[in-house]
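Read the numbers this way: they start at 1 and go in the same order the structure lists the ligands and their atoms.
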Amino acid sequence: MLTPETSDNGKRKSLHGHWSSRMAFILAVTGSAVGLGNIWKFPYIAGQNGGGAFVLVYLLCVFLIGMPVMMSEILIGRRGRRNPVATMALLGKEEGSSSHWKWVGSLGVLAGVLILSYYSVIGGWTLAYVFKSVSGTFTGASATAVGAEFSSFTSSWWKLALCHTFFMGLTVFVVARGVERGLEKAVRFMVPALLLLMFTLLGYSINSGHFGSGVAFMFSADFDALTWDSVLAAMGQAFFTLSVGMGAIMAYGAYLPEETSITGASAAVVIADTGIAILAGLVIFPLVFANGLDPADGPGLVFVTLPLAFGHMTGGTFFATLFFVLLTFAAWTSALGLVEPAVAWCVEHFKRSRAEAAVIVGSVIWVLGFATVFSFNAISGVTFFRGTLFDNIDYLTSNVMLPLSGLLITIFAAWVMCRNSTSEELGGAGTGYRVWRFLARFVAPVAILFVFLKAIGVLPEMSGG
Ligand code: PFF
């Protein structure tokens, strides 16, 4: 197995290279965090779970659980400087525990592979919508026509397969180029451009005449209607959107320069990511109500509401195209985070070149992606447990694997690693450190475990939902 070299000051270096600056790291992690989770998934999950109360629980989960888990992942990654599996094994031994912690790293690598298998299919949709937008498909179209366009697209397995193949190809291409040349370049302009466009759309949605109902749907919380299953969905979404609980951030942390503040970088990423999700909700829900659509409509929500809005805007073709291009970029930079742990593992474990590893891992994910492709057409009628095969892969990864692996990662950072190691990585034992340690030792593990056990019905009901 390849091992990272040690530099003059006794600190490890990553054999995959390093980010060129603090800003590059923040951009890369933000690029990984901001993606389909914010713009496609957040609105539809919030819609399916009734809005308001779900959104508030989600925000609590982001700040009280997601952020401490993110900091734990970065500090572990930077200390180990290897792929998540090897890092967990190394630090497990170094901190006087066991190399079996590698299984936590493996769980993350597996979650990334499974998530990317469906993420790439949805990434393919965004790509297809770029072409649909350019050709003016949505100009002046009615809600029924836009809905029919979406259904006819997803019911064609070969179209989905083609787009999925294309999206996977793009991902493999960038990952193969490596940390500095590939990942950094891709994320530099995407986030600012996306933000700008979302604000433009916000202006449109404010003028839709239904902004108030959209805001009320998102923020007026009816806690009586909230079930433990929705709370678990909110927690799963917090993990998913921040890209934590699967080693992606750990893998990125491995390329982080020594002097960068982990707390500052995490805060910047969490705020940007949450801001974009809320912005997406504020754009989408008013449009849903303005057009008499159903917020609980599911995965097609963004692909119906936004084209409809663009179709009735001056310059709509241009804005729609730009929007789907940016969404494709957002999905692309997130896909890089999803595949990086598996690729880094493959490079180190099998001594493959980066390019070979990217192609091997990419091919496996491409094949797995067909489970999702067919879930929208050929086997859409085959439902069990949570729904279609796609629904089940999503549930298993977001609501089970991410929280479980996030739980174990935080327990490792806050209980297994010694105080000296963690405070060294987090820049001393000041207030920020104490807050992290408290959240990571007590709040996050207890909350994850509690919600999880409640949702699967292991803990008895007290009262209400
Ligand atoms: N955070 C991404 C999103 O919200 O779309 C999804 C994601 C990317 C999850 C990378 C996990 C990951 F490692």
Examine the side chains of Asp297 and Tyr44 and answer whether a donor and an acceptor come within less than 3.5 Å of each other. no
Quick one: which of Ser32, Ala33, Gly108 has a heavy atom closest to atom 4 (O) of ligand 1? Ala33
Looking at atom 13 (F) of ligand 1, what's its closest protein heavy atom, distance included? Ala248 CB, 2.9 Å
Within the 4.0 Å heavy-atom shell around Gly37, which atoms of ligand 1 are there? 3 (C), 4 (O), 5 (O)
Salt bridge or not between Arg354 and Glu340? Use side-chain N to carboxylate O under 4.0 Å. yes
Using the rule ring pair (Phe, Tyr, Trp, His ring centres under 6.0 Å), only one of Phe310, Tyr129, Phe303 pairs with Phe323; which is it? Phe310
Provide the number and element of each atom of ligand 1 under 4.0 Å from a heavy atom of Met246. 11 (C), 12 (C), 13 (F)
If we only count heavy atoms from C-beta on, is the Val57 to Ser230 side-chain gap below 4.5 Å? no
Any N or O of Asp273 that comes nearer than 3.5 Å to an N or O of ligand 1? no
Could you tell me which atoms of ligand 1, counted from 1 in the order shown, lie closer than 4.0 angstrom to a heavy atom of Asn38? 4 (O)
The single option from Ile409, Asn83, Val85, Leu75 passing side-chain contact (heavy atoms from CB on, under 4.5 Å) against Met250: Ile409
Closest to atom 8 (C) of ligand 1 by heavy-atom distance, out of Ser243, Gly31, Gly247, Ala111, is Ser243
Counting heavy atoms under 4.0 Å, the part of Lys41 that contacts ligand 1 is neither
Which heavy atom of the protein is the closest neighbour of atom 5 (O) of ligand 1, given with residue, atom name and distance? Tyr119 OH, 2.5 Å
side-chain contact (heavy atoms from CB on, under 4.5 Å), that's the test. Do Tyr204 and Leu287 meet it? Break it down for me. CA-CA 9 Å; Tyr204 181 80; Leu287 298 178; 3.7 Å; yes
Without hydrogens or angle criteria, can the side chains of Asp273 and Thr241 be said to hold a donor-acceptor pair below 3.5 Å? yes
Output field: ring centroids Phe324/Phe329 closer than 6.0 Å: no
Distance filter under 4.0 Å to Leu36 heavy atoms, resulting ligand 1 atoms: 5 (O)
Do me a favour and list the nearest non-hydrogen protein atom to atom 6 (C) of ligand 1 with residue, atom name and distance? Phe240 O, 3.6 Å
Would you say ligand 1 has an N or O under 3.5 Å from any N or O of Leu242? no
Check: Tyr252 ring centroid to Phe25 ring centroid under 6.0 Å: no
With a 4.0 Å cut-off on heavy atoms, does Ile115 reach ligand 1? no
